[in-house]
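What follows is one structure encoded as structure tokens, with my remarks underneath.
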Amino acid sequence: MQKEYLFLGDDSVNNGRYMLAVYRIIPADGLTLEDVATEVAAESSTGTSIKVGSATEFSLSNNAKVYKIDEEKNLVWIAYPWEIFDTGGNIQNILTYVAGNILGVSEVKACKLLDVHFPPEMLVRYDGPSYTIDDMRAYLNVWDSPILGSIIKPKIGLTPAQYAELAYDFWVGGGHFVKNDEPQSDQSFCNYELMVKSIRIAMDRAEQETGHTKVHSFNVSAADFDTMLHRADFVAANMKPGSYAYLIDGITAGWMAVQTLRRRYPNTFIHFHRAGHGAYTRMENPIGYTVETLTKFARLAGASGIHTGTAGVGKMSGDSRTDITAAHHGLRLKSSGEFFDQAWSKISEKDADIASMIQKEEEKWDGDCRGFLEERVAKKAEFTYKSDTSRVILKTAPIISGGLNPTLLDDFLNVMGTIDFITTMGAGVHSHPMGTKAGAKAVLQAYEAWKKGVTIQEYSKDFQELAIAIDFFEKNKTNTHKLKGYEQV
Ligand code: CAP
Ligand code: MG
Ligand code: MG
């Protein structure tokens with residue numbers, strides 16, 4: 001027990017000087033939860049495994065505080081004075097505290113960061129998103145549907161020409177957005193710069209034929225920052241402004257990569273792919289952090305969008321409670337989680353602008369967001385100005401992907417409760433029996449059916465691409481669509 005970290009019932013933790021965190025902790029055999037809670041608080045703030053004589057009055061004032069414990073549910077609330085964090089708005093620094101050594105100490109059998117709360121005073125220090133899905137909507141002129149996207153499959157192994165041809169097919173089929181898959185980089189059989197140039201040619205052709213602008217998200221993850229920046233600059237030099245996003249493998253490339261892109265390219269959509277997050281976030285994992293927590297830190301870091309999961313509808317583990325909550329943490333000006341409510345701006349809710357935006361957000365939450373989103377883009381300049389003094393954290397769009405196909409879109413839309421997200425389908429588009437272009441058409445037709453309030457079966461009577469998709473995906477249910485639930489260890 002390190003009693004210098006035990007402050008049960010201390011209400012001063014709500015004075016705006018503390019980031020609040022709640023963990024699920026199971027102590028190692030023979031230890032009490034209270035003992036281990038103080039060990040976790042020590043190790044994740046100022047201390048170590050034994051009290052040291054070198055502590056000073058000032059260092060002790062920076063101790064994290066265990067301020068609440070629920071023995072029955074193994075929950076521990078810890079308050080961190082956010083002045084101990086790097087003054088440079090640094091996310092990797094926070095995670096090194098709250099998801100660092102404590103995940104490895106032997107006193108815990110389980111230690112999972114379930115949720116965090118950032119006081120408005122802390123928000124000012126962090127970048128938050130700059131270029132958002134609202135800006136992408138304005139570029140694409142897509143206001144009354146999710147941004148409908150695809151990942152080119154096979155995941156890797158195509159030449160630049162073959163890759164670009166599939167992107168062209170998806171775009172002329174009506175799709176808005178294509179992304180590199182998370183491992184795509186500079187492969188010997190798919191030179192990066194040739195891929196970029198091929199995409200530009202394919203995009204110009206598709207825009208010419210459809211009369212609609214298109215977007216491609218380029219994976220700029222690399223071995224080092226110089227190469228990442230070179231790839232980002234090469235994309236910028238070869239693509240039209242607004243027609244590209246930067247995809248970063250945020251877990252394997254790291255938070256410094258995410259924040260470097262946000263700070264170097266404030267006018268570009270920063271697309272946080274979270275491959276590898278399962279090691280922290282799977283619900284059956286006793287050690288790690290949740291998708292809600294990951295999404296909150298991604299928004300603080302300034303990701304324009306992050307994958308938030310398919311709420312049990314697609315192939316990845318995760319359920320509606322966690323994935324939908326995560327999505328709302330990305331999108332809303334005020335979001336509610338299982339443990340904390342989070343206001344995402346320091347501008348007081350008494351501020352007429354914020355209050356009216358929150359109100360409109362509630363009203364406009366689904367269906368055609370046109371007016372609301374256009375106003376929000378217009379107000380963005382005003383918010384950005386205000387954000388210099390009272391940081392409005394603009395929204396981080398949920399990117400919904402993983403085992404989705406046209407026959408699952410309505411399920412997801414109904415559980416999500418808004419159209420304000422990007423969805424990307426890989427197998428769901430490229431496995432269509434009639435090919436990628438038909439796969440894209442089937443996605444749009446499935447959305448139109450949902451919007452009209454009719455079943456896809458009904459709607460497919462007039463649209464063969466959807467009809468064939470329904471037949472195909474019914475016959476080709478993947479294993480993951482049969483697996484449900486999880487065992488909490
Ligand atoms: C989806 C995907 C995405 C996953 C990531 C894949 O492809 O490209 O990386 O969605 O998961 O490689 O699996 P499919 P999440 O559409 O073919 O499944 O979005 O949960 O982070
Ligand atoms: Mg980490
Ligand atoms: Mg992928």
Side-chain angles (χ1 to χ4, degrees), residues 146-158 163 166-167 170 175 177-185 187 216-221 245 247-253 258 271-283 285 288-295 297-298 303-320 322-327 330 396-409 411-412 415-416 421-432 436 439-440 442-443 446 469 472-473 476-483 486:
I147 290 178
L148 301 171
S150 179
I151 313 108
I152 301 304
K153 301 288 180 177
K155 194 175 278 219
I156 213 77
L158 299 174
Y163 177 89
L166 287 170
F170 180 73
F177 176 92
V178 170
K179 70 181 267 293
N180 279 154
D181 220 338
E182 68 278 1
Q184 181 126 17
S185 55
Q187 276 82 10
H216 186 281
S217 185
F218 292 92
N219 192 346
V220 293
S221 311
L247 185 147
I248 186 72
D249 294 321
I251 302 295
T252 49
V258 175
H271 177 163
F272 189 129
H273 194 288
R274 59 180 190 168
H277 73 95
Y280 290 97
T281 63
R282 283 188 72 124
M283 294 156 78
N285 287 5
Y289 49 71
T290 56
V291 289
E292 298 97 312
T293 305
L294 172 59
T295 305
F297 280 118
S304 308
I306 184 171
H307 289 239
T308 52
T310 54
V313 173
K315 75 184 180 188
M316 309 300 272
S317 76
D319 72 7
S320 57
T322 59
D323 293 359
I324 299 305
T325 302
T396 295
I399 300 171
I400 309 305
S401 180
L404 287 181
N405 66 57
T407 70
L408 298 172
L409 186 56
D411 278 356
F412 186 77
V415 77
M416 177 70 170
F421 58 89
I422 297 172
T423 182
T424 56
M425 296 181 197
V429 163
H430 305 290
S431 64
H432 192 290
T436 296
V443 174
F472 176 80
F473 289 109
N476 291 275
K477 275 196 188 309
T478 56
N479 294 332
T480 52
H481 293 131
K482 298 167 194 154
L483 298 172
Y486 64 91

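Counting starts at 1 for both ligands and their atoms, following the listed order.
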Side chain or backbone of Asp181 under 4.0 Å from ligand 1, or both, or neither, by non-hydrogen atoms?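 Contact part for Asp181 vs ligand 1: side chain (C-beta onward).
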Got an N/O contact under 3.5 Å between [X] and ligand 1?
| X | answer |
| --- | --- |
| Gly403 | yes |
| Gly402 | yes |
| His307 | yes |

Is a side-chain donor or acceptor of [X] paired with a backbone partner of [Y] at a separation under 3.5 angstrom?
| X | Y | result |
| --- | --- | --- |
| Ser401 | Thr424 | yes |
| Asp181 | Lys155 | no |
| Asn219 | Ser185 | no |

Strictly under 6.0 Å, is that where the ring centroids of His307 and His277 end up?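 Aromatic pair excluded; centres sit 6.0 Å or further apart.
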Would a line drawn from the ring center of Phe421 to the ring center of Phe412 be shorter than 6.0 Å?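 Yes; Phe412 has its ring centre under 6.0 Å from that of Phe421.
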Output the list of atoms in ligand 1 that are nearer than 4.0 Å to some heavy atom of Ile151, sorted by atom number.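 Ligand 1 atoms under the 4.0 Å threshold to Ile151: 1 (C), 7 (O), 8 (O), 16 (O).
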Please report which non-hydrogen protein atom sits nearest to [atom], along with the residue it belongs to and the distance in Å to one decimal place.
| atom | value |
| --- | --- |
| atom 21 (O) of ligand 1 | Arg274 NE, 2.8 Å |
| atom 17 (O) of ligand 1 | Ala427 N, 2.8 Å |
| atom 16 (O) of ligand 1 | Gly426 N, 2.8 Å |
| atom 11 (O) of ligand 1 | Met316 CE, 3.3 Å |
| atom 13 (O) of ligand 1 | Lys315 NZ, 2.5 Å |
| atom 1 (C) of ligand 1 | Ser401 OG, 3.5 Å |

Less than 4.5 Å apart, any side-chain heavy atom of [X] and any of [Y]?
| X | Y | answer |
| --- | --- | --- |
| Ile248 | His271 | no |
| Pro398 | Met416 | yes |
| Leu409 | Met425 | yes |
| Val220 | Leu247 | no |

For atom 5 (C) of ligand 1, the option (of Lys153, His273, Lys155) bearing the nearest heavy atom: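 That would be His273.
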For Asp181, what is the atom name of its N, O or S atom nearest to the Mg ion (ligand 3)?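 When I compare the N, O and S atoms of Asp181, OD1 is nearest to the Mg ion (ligand 3).
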What is the name of the N/O/S atom in Glu182 that sits closest to the Mg ion (ligand 3)?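 Going by distance to the Mg ion (ligand 3), the closest N, O or S atom in Glu182 is OE1.
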